[in-house]
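Accompanying notes for the structure given below.
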Amino acid sequence: MTIQPTAAQVQIRDSNQMGMLVVAPAGCGKSEALALRVQGMLRRGVATGARRILVATFSNRAKDNIRERLRHYLTPAELRDKVTVINFHGLSARLYRSHAAAIGLDPEWTLPENDWVKEQCQRAGLNYGQAAGVDKVLQRIKQDPVNDTDVLRLVEAHGNVDALQIEQLRVRDQQLTYDDLPRMAELILARDEVADLYRVHFTAVVVDEFQDLTPQQLRIINRIGAGRTTYAGDLAQGIYGFTGAKPEEVYAQITHEVGEVVQLTESHRSSPAVLDAVNALVPLTHGTALTCAAPDTWPSGGIAVEVSHQTADAEAGWLVKLAKAILLSRAPGQRIGVISRIGSRRRFADAAFAAEQGFEVHRWDDGVLDTDTARRVKSVLASMDAAAVLDADDSIEFLRDFAEFHQIQDPADRLALADALGWVLELLTQGLTPAEISKRIRVGDNSTLLTKPGVHLLSGHAGKGQQFDWVVVIGLEDGNVPFFEAKSDEALREEARVLSVMMSRARHGLILSHAAAVPALNGRVFAKDPSRFLTSALRATLTDADGLVQWFRTASWDAIARR
């Protein structure tokens, strides 16, 4: 299918500027624009001879997405010989394996296959708070270009004994983590002779989702492609501060580096009503206000609603009725995203939907396993003594022995089973029984979630980059949105961005829901106020529950089901 580029996408494709910033809010055709950008550079002869264009992403899913878009615009030979699409950890791993010896490192140290630090925290029996503290200390220290000796010194000076012991174990076992890879890459690229090789090999760089860059990752990119990099993304989607991302800082540096800025402002994803609501958050997110690319094509214009409930259980019951009203009669093939800032606030909805049989319900935080791994894990769970696992000196090794993990030779199979067993142990420590865990295993692939009709239960961060026909943001109360730990202006701005990301997943309809009374995990019931982000400007774009009922009665459902 041939897609007609917009005027802004043509400008991005045809610009001779090597340094460019593409401001691309959700649903505005960013991936298409980047694919066109690469096509334009290749047509202008930017990558001649053995030289290539580097396209850097943050995940395998994003890598696959941009590669698929590139197939529409490049010949197979061009894609194979002229473009390298890789995620940041893959790029760092390549640098390490190829050039570690240049800075006196052993290139044969073990590359990360899972969350090694989390696994060691589980082995040590650390609780959630202790494990989070370890992760935070190590991540913060490793955001700077320091060697292993300096890391150990800085961790010791910090005083977190658990973090020090885990870091000492990592060095002793010659193991790299996902925080070590970019640190090593930066140290390697500090050598001019190595950086020069990559500058010559990659004549241009494209970075997808610039707002997710850490300053360290930006330094890595600049060592390879300073002044020759196209950055694309949107400040309003900068929600990964907990991984070290610094959207405002990175944005300021990028705008000084590039020679041209292009803004995409037409949304192809959302109805006019949804966009009005998302635009109302722009003063809080520092994002970009959007217009609807084809407003007349949205049946009944879409809808955006605020609903309030007395209790979280009442909210969950109302959600089930809403889902039935859409999926059992009006639009059975559509997708409803029920999104919460944190998983614990979503547990009432999870429980309410667990008993429903009339439509599919997908929990995005459940185990989605391949057939062989699912069969092996289910077999383990069928005969497992949970108490024996939790009482073992090394619960992870106990589980691996029980699952005969060490008899598996294929690296991909080992990685899949290791991740699955880590998930099992995490749920066991939360008090779930083996039988309950077994019921939550689904066979397939994470990509199957992207098109499945029905109800999807997920967190705000998990939904980034996805879209649903209907989105219900639940738990829109102070303490949840914004999260109670967010105190600084920067943290509150990121919380507003999390809300914006959740809202902007919606196509036809958006419902913002809050409850007056919400039980904590210990059972104590707390009175809750609506989120401070429900500003007068946002509320002016929203109708109420009665308005939703009226809209449902008069909406063009046949057209909605087809759109």
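- Side-chain polar atoms of Asn65 and Ser31 form a donor-acceptor pair below 3.5 angstrom.
- Side-chain contact check for Arg52 and Thr84: at least one donor-acceptor pair (N or O, by modelled atom type) lies under 3.5 Å.
- Using a 4.0 Å cut-off between charged side-chain N and carboxylate O, Asp135 and Lys118 make no salt bridge.
- Between Val472 and Leu322, the closest side-chain pair of non-hydrogen atoms falls below 4.5 Å.
- Put simply, the residue from Ile220, Val207, Thr214, Leu181 that forms a side-chain contact (heavy atoms from CB on, under 4.5 Å) with Phe88 is Val207.
- In the model, Asp144 has no side-chain atom that pairs as donor or acceptor with a side-chain atom of Gln216 under 3.5 Å.
- Here the straight-line distance linking atom CD of Glu186 with atom CG of Leu218 works out to 10.0 Å at 0.5 Å rounding.
- Contact record, Ile141 with Val146: O-CG2, 3.8 Å, taken as the closest heavy-atom pair.
- No more than 12 heavy atoms of other residues, nucleotides or ligands sit less than 6.0 Å from atom OH of Tyr128.
- No donor-acceptor contact under 3.5 angstrom links the side chains of Glu360 and His456, judged on distance only.
- Residue Glu156 qualifies as open at atom CD: its count of foreign heavy atoms under 6.0 Å is 12 or below.
- Side chain of Arg347 to backbone of Ser344: a donor-acceptor contact under 3.5 angstrom is found.
- Side-chain contact between Val151 and Val155 is present, with at least one heavy-atom pair separated by less than 4.5 Å.
- Distance check: Ile342 CD1 to Ser459 OG gives 10.5 Å after rounding to the nearest 0.5 Å.
- Defined by atom type and a distance below 3.5 Å, a donor-acceptor pair is present between the side-chain atoms of Ser513 and His309.
- Using a 4.0 Å cut-off between charged side-chain N and carboxylate O, Arg67 and Asp64 make no salt bridge.
- Here the CG-CG distance, from Leu95 to Leu189, works out to 5.0 Å after rounding to the nearest 0.5 Å.
- Among residues at least two apart or in separate chains, side-chain hydrogen bond (donor to acceptor under 3.5 Å, both in side chains) pairs with a member in residues 462-474 are Asp212-Lys464, Arg269-Gln467, Gln334-Trp470, Asp469-Arg507.
- Under the 4.5 Å side-chain criterion, counting only non-hydrogen atoms from C-beta, Leu74 is in contact with Val83.
- Salt bridge annotation for Lys142-Asp180: present, with a cationic side-chain nitrogen under 4.0 angstrom from a carboxylate oxygen.
- A side-chain donor-acceptor contact under 3.5 Å links Arg414 to the backbone of Ile408.
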| Ile441 and Val377: side-chain contact (heavy atoms from CB on, under 4.5 Å), yes or no, with the steps? | CA-CA 9 Å; Ile441 292 175; Val377 172; 3.6 Å; yes
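- Judged by distance alone, the side chain of Glu397 and the main-chain N or O of Asp394 form no donor-acceptor pair under 3.5 Å.
- Residues Val320 and Phe353 meet the side-chain proximity criterion, which asks for heavy atoms closer than 4.5 Å.
- A salt bridge links Glu119 and Arg400; the closest N-O separation between the charged side-chain nitrogens and carboxylate oxygens is under 4.0 Å.
- Ring pair Phe58/His89: centre-to-centre distance not below 6.0 Å.
- A salt bridge is absent between Glu490 and Arg493; no separation between the charged side-chain nitrogens and carboxylate oxygens falls under 4.0 Å.
- Smallest separation of non-hydrogen atoms from Pro453 and Gly333: CB-O, 3.4 Å.
- For the pair Ala349 and Leu319, the tightest heavy-atom approach, listed with the atom from each and the gap, is CB-CD1, 4.0 Å.
- For Glu209 and Gln211, the side-chain atoms include at least one donor-acceptor pair closer than 3.5 Å.
- Checking side-chain atoms of Ser379 against main-chain N and O of Arg375 turns up no donor-acceptor pair under 3.5 Å.
- Considering only heavy atoms from C-beta on, Arg346 stays 4.5 Å or farther from Arg341 through its side chain.
- Across all their heavy atoms, Leu111 and Leu176 have their closest contact at CD2-CD1, 3.8 Å.
- For the pair Val473 and Leu510, the minimum side-chain heavy-atom distance is below 4.5 Å.
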| field | Criterion side-chain contact (heavy atoms from CB on, under 4.5 Å) on Arg170 and Thr177, from CA distance to verdict | value | CA-CA 8 Å; Arg170 184 193 68 79; Thr177 71; 3.7 Å; yes
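- The distance from atom CG of Leu154 to atom CZ of Arg140, rounded to the nearest 0.5 Å, is 10.5 Å.
- In this structure, Phe398 and Phe402 have parallel ring planes: the angle between them is below the 30° cut-off, well short of the 60° mark.
- More than 12 non-hydrogen atoms from other residues, nucleotides or ligands lie less than 6.0 angstrom from CG of Asn127.
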| message | As a quick check of understanding, evaluate salt bridge (charged side-chain N to carboxylate O under 4.0 Å, His left out) for Asp148 and Arg183, giving each step before the final call. | response | CA-CA 10 Å; Asp148 285 344; Arg183 176 172 65 93; 2.7 Å; yes
| task | Go through the steps for Met503 and Leu499 under the test side-chain contact (heavy atoms from CB on, under 4.5 Å), then give the verdict. | result | CA-CA 6 Å; Met503 292 167 57; Leu499 176 58; 3.7 Å; yes
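- Not one N or O on the side chain of Gln174 forms a donor-acceptor pair closer than 3.5 Å with the backbone of Glu108.
- Taking each heavy atom of Phe348 and Pro519 in turn, the nearest pair found is CZ-CD, 3.6 Å.
- In this structure, Leu390 and Leu425 have side chains that are in contact, with non-hydrogen atoms separated by less than 4.5 Å.
- A salt bridge does not link Arg497 with Glu494: every distance from a Lys NZ or Arg NE/NH1/NH2 to an Asp or Glu carboxylate oxygen is 4.0 Å or more.
- The CG atom of Asn87 sits 8.5 Å away from atom CG of Leu91, with the distance rounded to the nearest 0.5 Å.
- At least one donor-acceptor pair under 3.5 Å links the side chain of Glu495 to the backbone N or O of Phe483.
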| field | Working for side-chain contact (heavy atoms from CB on, under 4.5 Å), residues Leu34 and Ile66 | value | CA-CA 8 Å; Leu34 291 182; Ile66 191 66; 3.8 Å; yes
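- With respect to the salt-bridge test (charged N to carboxylate O, under 4.0 angstrom), the residues Lys30 and Asp208 qualify.
- Ion pairing of Arg345 with Glu315 is present here, as a side-chain N (NZ or NE/NH1/NH2) and a carboxylate O approach within less than 4.0 Å.
- Of the inter-residue distances, the one linking Leu187 atom CG with His99 atom NE2 reads 14.0 Å to the nearest 0.5 angstrom.
- Closest approach of Asn114 and Ala418 over heavy atoms only: ND2-CB, 4.2 Å.
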